[in-house]
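These notes are about the structure you will find just below.
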Amino acid sequence: MYTKKIALKDVEVGMTLAASVYFKNSAGVDMLAARKGKVLDDNLLRILKRKDVKAVEIESSPALPPKVAPSAPPAPAIIKERPKAEKHVPVKSVVDEKLKEEAVDSVKQLFGEISPDGHMNKTTAYQCVNNLEGVVTDLLHAIEDDTTGLVHINDLKQYDEYTYHHSLSVSVLSIATGKELGLDSDTLFRLGRCAMLHDIGKQMIPLEVINKKGKLSDEEFLLVKNHTTLGAESLKKNAIGDVELWNGVMFHHEKVNGFGYPHQLKGKDIPLFSKIISVTDVYDAITSFRPYRSPMLPSDAFELILKDVGSAFDFEIVKAFLAKLELYPVNTILELSNGKLGMVIPGSTNKLRPYVRLWGSTDILVMERVPDVNITKILSPEELPEGYEVD
């Protein structure tokens with residue numbers, strides 16, 4: 001295997017970078033555009049062209065990414081006694097652990113550079129933004145390459161630092177929604193970046209207000225609401241992004257009926273990115289644990305968003321979001337209202353009422369046929385009651 005340097009205009013999709021690619025920003029600092037070993041696709045080529053990269057080093061022959069076969073659910077164990085240890089295959093994740101860590105770290109690094117007045121060190125900020133853009137590109141590839149076409153965020157809930165993992169979740173959900181809406185890869189990249197940065201203004205709000213357990217005072221509520229304006233102004237004053245990004249951040253709490261904030265925009269006046277992020281932001285927020293409340297079940301959050309179509313949310317965007325959302329992925333461990341535990345198996349076409357194999361049994365509960373039995377909790381293996389174990 002040898003390498004050769006070729007002009008960017010001669011690069012073909014499927015070629016693999018033999019060396020990392022760098023470009024100079026407006027401050028003259030070398031910034032990473034793409035990592036060594038990346039397989040070039042249309043989206044990455046557009047990014048390199050946008051960065052004014054003229055040539056790249058590639059491996060001598062194109063290398064296509066391996067095809068990933070969809071994982072099969074575990075075979076049901078024939079167990080008569082209960083409770084017993086169950087074999088449990090972790091829920092398949094769209095975003096692997098390494099990429100999650102990179103995403104959370106990149107957001108944390110950038111947000112940590114913001115001073116109380118919204119300023120950042122320009123050189124450091126450029127490097128942080130470049131790292132974040134690389135992560136967004138990788139997220140976009142992960143979602144585009146996923147064979148199921150669906151996303152879920154149960155596995156993104158494990159991080160203690162809410163602001164950072166929330167940014168990751170909203171970006172993943174927004175990219176998936178945009179993909180369902182038919183947005184091209186370049187637009188999906190910009191949407192994912194905007195979603196990653198949508199709550200950057202909260203870094204300028206006192207932490208004790210953000211995490212307050214009791215009801216916010218009117219003054220505190222106004223302070224929190226100001227995070228949209230503070231975030232957009234900070235990005236603008238630090239020359240990060242453009243009007244599309246600033247407006248996406250500024251207006252992600254507007255509602256289609258005109259009762260949102262900060263400017264009470266209505267329907268068509270709200271930017272597309274803001275409309276998408278408003279849905280994904282609310283879904284992730286209400287299904288996440290917060291110091292002042294327990295997380296809502298995905299199915300309950302799903303129904304709450306449906307109720308707000310036409311008042312808070314745009315119908316077409318909610319339709320696209322729900323089409324891409326997997327509420328209870330295969331192998332999710334559930335606690336049921338009849339006191340039993342089970343694992344989700346394939347088969348149901350009802351997002352709200354999955355098929356559940358009861359714990360330690362071959363019995364399958366078809367939830368849409370038993371309306372009196374409901375899901376009460378999603379459990380991790382570590383949260384199983386005493387006597388219930390996984391191998």
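For the numbers below, each heavy atom of this structure counts, side chains included, while hydrogens, waters and symmetry mates do not. Keep in mind the model is a prediction, meaning the values are calculated, not measured.
- Atoms CD1 and CD1, on I205 and I210 in that order, are 5.5 Å from each other to the nearest 0.5 Å.
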Under the side chain to side chain contact (heavy atoms under 4.5 Å, CB included) criterion, do Y283 and L173 qualify, and how do the steps go?
-> CA-CA 9 Å; Y283 179 83; L173 294 172; 4.0 Å; yes
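- A continuous path of Ile, Leu, Val, Met, Phe, Trp and Tyr side chains, each step under 4.5 Å between heavy atoms, connects I317 with L191, placing both in one hydrophobic cluster.
- Within the 4.5 Å cutoff, no side-chain heavy atoms of V151 are placed close to those of T177.
- Taken to the nearest 0.5 Å, the CG atom of L379 stands 5.5 Å off from the CD atom of E335.
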All N/O donor-acceptor pairs, side-chain side in residues 302-310, below 3.5 Å, sequence neighbours left out:
none

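- For F259, there are no ring pair (Phe, Tyr, Trp, His ring centres under 6.0 Å) partners, not counting sequence neighbours.
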Could you walk me through whether S278 and E254 pass side chain to side chain contact (heavy atoms under 4.5 Å, CB included), step by step?
-> CA-CA 8 Å; S278 71; E254 297 288 359; over 6 Å; no
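- Side-chain N/O atoms of T376 and S337 include no donor and acceptor closer than 3.5 Å.
- At a threshold of 4.5 Å between non-hydrogen side-chain atoms, the residues D284 and H166 count as touching.
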Worked verdict on E113 versus K108 for salt bridge (charged side-chain N to carboxylate O under 4.0 Å, His left out) = CA-CA 9 Å; E113 289 297 319; K108 186 176 181 180; over 6 Å; no
Is there a side chain to side chain contact (heavy atoms under 4.5 Å, CB included) between L325 and F321 once you walk through the steps?
-> CA-CA 6 Å; L325 186 63; F321 170 65; 3.8 Å; yes
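- Inter-residue side-chain proximity for D281 and H198 is flagged as met; some heavy-atom pair is nearer than 4.5 Å.
- For the pair M367/P354, a side-chain contact is recorded, criterion being any heavy-atom separation below 4.5 Å from C-beta on.
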Would R193 and E133 count as a salt bridge (charged side-chain N to carboxylate O under 4.0 Å, His left out) if you check the C-alpha gap in whole Å, the side-chain angles of each, and the deciding distance to 0.1 Å?
-> CA-CA 7 Å; R193 180 183 61 172; E133 289 182 345; 3.0 Å; yes
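- Counting non-hydrogen atoms of neighbouring residues, nucleotides and ligands closer than 6.0 angstrom, the NZ atom of K237 exceeds 12 such neighbours.
- Side chains of H253 and S274 form no contact here, defined as non-hydrogen atoms less than 4.5 Å apart.
- A single hydrophobic cluster is seen to contain both V136 and L272, as judged by linkage of ILVMFWY side chains at heavy-atom distances under 4.5 Å, directly or through other members.
- In this view, K38 and D138 satisfy the salt bridge (charged side-chain N to carboxylate O under 4.0 Å, His left out) rule, not counting sequence neighbours.
- Q127 contributes atom CD, which lies 5.0 Å from atom CG of N131 (distance to the nearest 0.5 angstrom).
- Residues E59 and K36 are not paired through a salt bridge, judged by the lack of any N-O separation under 4.0 Å between the basic side chain and the carboxylate.
- In this structure, V224 is not a member of the same hydrophobic cluster as L222, with clusters built from ILVMFWY side-chain heavy atoms closer than 4.5 Å.
- Atom CD1 in I276 sits 8.5 Å away from atom CG in L188 (nearest 0.5 Å).
- In K51, the NZ atom is crowded: over 12 heavy atoms of neighbouring residues, nucleotides or ligands sit closer than 6.0 Å.
- One N or O on the side chain of N238 and one on the backbone of S234 form a donor-acceptor pair closer than 3.5 Å.
- Judged by distance alone, with hydrogens and angles left aside, the side-chain atoms of S171 form no donor-acceptor pair with the main-chain N or O of S167 at under 3.5 Å.
- Annotation: side chain of L245 is not in contact with side chain of F273 (no heavy-atom distance under 4.5 Å).
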Do R190 and E244 pass the salt bridge (charged side-chain N to carboxylate O under 4.0 Å, His left out) test, and can you show the C-alpha distance, the side-chain angles, and the key distance before you say yes or no?
-> CA-CA 9 Å; R190 301 196 312 274; E244 179 185 57; 2.6 Å; yes
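- Expressed to the nearest 0.5 Å, how far CG of L265 lies from CE of M250 amounts to 9.5 Å.
- Between P385 and L341, the closest side-chain pair of non-hydrogen atoms falls below 4.5 Å.
- Screening V170, L110, V135 against M196 for a side-chain contact (heavy atoms from CB on, under 4.5 Å) leaves a single residue, V135.
- In the model, T229 has no side-chain atom that pairs as donor or acceptor with a side-chain atom of Y261 under 3.5 Å.
- N350 and S348 share no donor-acceptor pair across their side chains, judged by distance under 3.5 Å alone.
- A side-chain donor-acceptor contact under 3.5 Å links R353 to the backbone of V370.
- Side-chain contact annotation: E219 with S217, donor-acceptor N/O pair under 3.5 Å absent.
- The shortest non-hydrogen separation linking C194 to V249 is SG-N, 3.9 Å.
- Under a 3.5 Å cut-off, the side chain of Q264 and the backbone N or O of G260 do form a donor-acceptor pair.
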Decide yes or no on side chain to side chain contact (heavy atoms under 4.5 Å, CB included) for T362 and R357, but give the supporting numbers first.
-> CA-CA 6 Å; T362 56; R357 182 173 60 77; 5.5 Å; no
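- When all heavy atoms of V56 and L17 are compared, the pair lying nearest together is CB-CD2, 3.9 Å.
- Under the 3.5 Å distance criterion, with hydrogens and angles disregarded, a donor-acceptor pair is assigned to the side chains of D199 and H227.
- Between the OG1 atom of T332 and the CG atom of L327 there is a distance of 10.0 Å, given to the nearest 0.5 Å.
- A salt bridge does not link D96 to K100: none of the charged nitrogens lies less than 4.0 Å from a carboxylate oxygen.
- E86 contributes a side-chain N or O that, together with a main-chain N or O of G360, makes up a donor-acceptor pair within less than 3.5 Å.
- At least one side-chain heavy atom of F111 sits under 4.5 Å from a side-chain heavy atom of I200.
- A salt bridge links K98 and E102; the closest N-O separation between the charged side-chain nitrogens and carboxylate oxygens is under 4.0 Å.
- A distance-only check finds a donor-acceptor pair linking the side chain of K275 to the backbone of G267 [under 3.5 Å].
- At a threshold of 4.5 Å between side-chain heavy atoms, the hydrophobic network of Ile, Leu, Val, Met, Phe, Trp and Tyr places F189 and L183 in one connected group.
- For CG of D218, the number of neighbouring non-hydrogen atoms (other residues, nucleotides, ligands) closer than 6.0 Å is 12 at most.
- Ion pairing between E220 and K212 holds under the 4.0 Å rule for side-chain N and carboxylate O.
- In the hydrophobic cluster analysis, where Ile, Leu, Val, Met, Phe, Trp and Tyr join through side-chain heavy atoms closer than 4.5 angstrom, V256 is grouped apart from V282.
- By the 30° and 60° cut-offs, the orientation of the rings of H263 relative to F251 is tilted.
- Counting all heavy atoms, side chain and backbone alike, S299 lies closest to Y328 at OG-OH, 2.7 Å.
- In this structure, the side chain of W359 does not engage the main chain of L334 through any donor-acceptor pair within 3.5 Å.
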